[in-house]
Amino acid sequence: QVQLVESGGGLVQAGGSLRLSCAASGRTFSNYAAGWFRQAPGKDREFVGGIQWTGSTAYYGDSVKGRFTISRDNAKNTVYLQMNSLKPEDTAVYYCAADLWGSGKQDKTKYEYWGQGIQVTVSS
């Protein structure tokens with residue numbers, strides 16, 4: 001089992017930045033790809049980005065490319081999502097997920113473990 005806890009969400013003005021953290025406990029987190037997804041009211045859960053278990057490759061959804069950056073610190077069992085140039089349409093609940101030996105790509109069915117989610121609200 002892997003437990004994931006997101007933090008760092010909140011309210012920010014458009015154009016601002018936030019950094020989300022996802023702290024993992026349980027199994028060896030360095031063996032897991034980590035993904036970030038988001039879900040706005042009435043919409044499907046959307047892939048934001050993911051990072052391979054090796055940390056060597058990251059993938060991003062089209063809507064966040066060039067604005068968001070994923071990184072991981074395996075010594076701290078933590079994955080980060082740096083969000084810059086935030087837009088009102090980035091408003092959603094953001095979820096961290098883990099996929100054993102995964103690639104960090106967008107297929108959410110590959111991710112075995114999920115955090116409880118954290119709200120990010122971007123005001124215009």
Side-chain angles (χ1 to χ4, degrees):
Q1 287 279 2
V2 174
Q3 293 78 41
L4 303 171
V5 179
E6 301 96 338
S7 62
L11 174 64
V12 63
Q13 287 190 330
S17 298
L18 277 176
R19 188 176 79 158
L20 302 184
S21 299
C22 173
S25 60
R27 301 263 176 98
T28 305
F29 189 55
S30 57
N31 295 338
Y32 289 78
W36 286 96
F37 294 79
R38 67 186 183 187
Q39 190 165 19
K43 294 189 176 181
D44 290 336
R45 192 165 294 190
E46 175 191 17
F47 176 72
V48 175
I51 187 164
Q52 201 174 33
W53 69 274
T54 63
S56 60
T57 305
Y59 301 92
Y60 297 94
D62 288 341
S63 61
V64 306
K65 280 180 183 175
R67 299 189 298 123
F68 291 11
T69 303
I70 294 174
S71 60
R72 67 189 300 161
D73 184 341
N74 286 336
K76 295 183 178 180
N77 287 339
T78 302
V79 174
Y80 304 98
L81 180 66
Q82 179 66 44
M83 305 186 294
N84 298 328
S85 302
L86 282 161
K87 304 175 182 180
E89 51 264 43
D90 294 318
T91 295
V93 176
Y94 282 70
Y95 297 89
C96 175
D99 173 19
L100 181 62
W101 307 119
S103 63
K105 294 183 178 179
Q106 65 180 7
D107 184 354
K108 54 182 173 287
T109 66
K110 299 290 187 182
Y111 293 84
E112 299 99 331
Y113 302 102
W114 293 81
Q116 80 287 355
I118 193 163
Q119 179 70 45
V120 171
T121 302
V122 184
S123 62
S124 57

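For the numbers below, each heavy atom of this structure counts, side chains included, while hydrogens, waters and symmetry mates do not.
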Minimum heavy-atom separation for Phe29 and Ala98, please, with both atom names.
CE1-CB, 4.1 Å
Considering non-hydrogen atoms only, spot the tightest contact between Cys96 and Leu4 and give its length.
O-CD1, 3.7 Å
To the closest 0.5 Å, what do you measure between CG (Asn77) and OG (Ser30)?
7.5 Å
For the OG1 atom of Thr69 and the CG atom of Asn84, what is their distance to the nearest 0.5 Å?
6.5 Å
Determine yes or no for a side-chain-to-main-chain donor-acceptor pair under 3.5 angstrom, with Glu6 supplying the side chain and Gln116 the backbone.
yes
Backbone N/O of Ser85 and side chain of Arg67: donor-acceptor pair under 3.5 Å:
yes
Do [X] and [Y] share a hydrophobic cluster (ILVMFWY, side-chain heavy atoms under 4.5 Å, transitive)?
X: Leu18; Y: Val48; result: yes
X: Tyr32; Y: Tyr59; result: no
X: Val93; Y: Val12; result: no
X: Trp36; Y: Met83; result: yes
X: Leu100; Y: Ile51; result: yes

Could you check, using the six-membered ring where one of them is a Trp, whether Phe37 and Tyr111 have ring centers closer than 6.0 angstrom?
yes
Tell me every residue that passes side-chain contact (heavy atoms from CB on, under 4.5 Å) with Ser63, counting only those two or more places apart in sequence or in another chain.
Arg38, Glu46
Where does the angle between the aromatic ring planes of Tyr94 and Phe68 fall among parallel (under 30°), tilted (30 to 60°) and perpendicular (over 60°)?
tilted
What verdict does the side chain to side chain contact (heavy atoms under 4.5 Å, CB included) test give for Arg19 and Leu81, after you've listed the backbone C-alpha separation in whole Å, the side-chain angles of each residue and the deciding distance to 0.1 Å?
CA-CA 6 Å; Arg19 188 176 79 158; Leu81 180 66; over 6 Å; no
Flag the pair [X] / [Y] as yes when at least one side-chain heavy-atom distance between them is below 4.5 Å, and no otherwise.
X: Thr28; Y: Trp53; value: no
X: Tyr95; Y: Gln39; value: yes
X: Gln52; Y: Thr54; value: yes
X: Thr78; Y: Arg72; value: no
X: Tyr113; Y: Gln1; value: yes
X: Ile70; Y: Tyr60; value: yes
X: Trp101; Y: Asn31; value: yes

Between side-chain atoms of residues 117-124 and protein atoms elsewhere (two or more places apart, or another chain), which donor-acceptor pairs fall under 3.5 Å?
unit_1 : atom_1 : unit_2 : atom_2 : d
Gln119 : NE2    : Ala92  : O      : 3.4
Gln119 : NE2    : Thr121 : OG1    : 3.3

Using a strict threshold of under 4.0 Å (side-chain N to carboxylate O), is an ion pair present between Lys87 and Asp90?
no
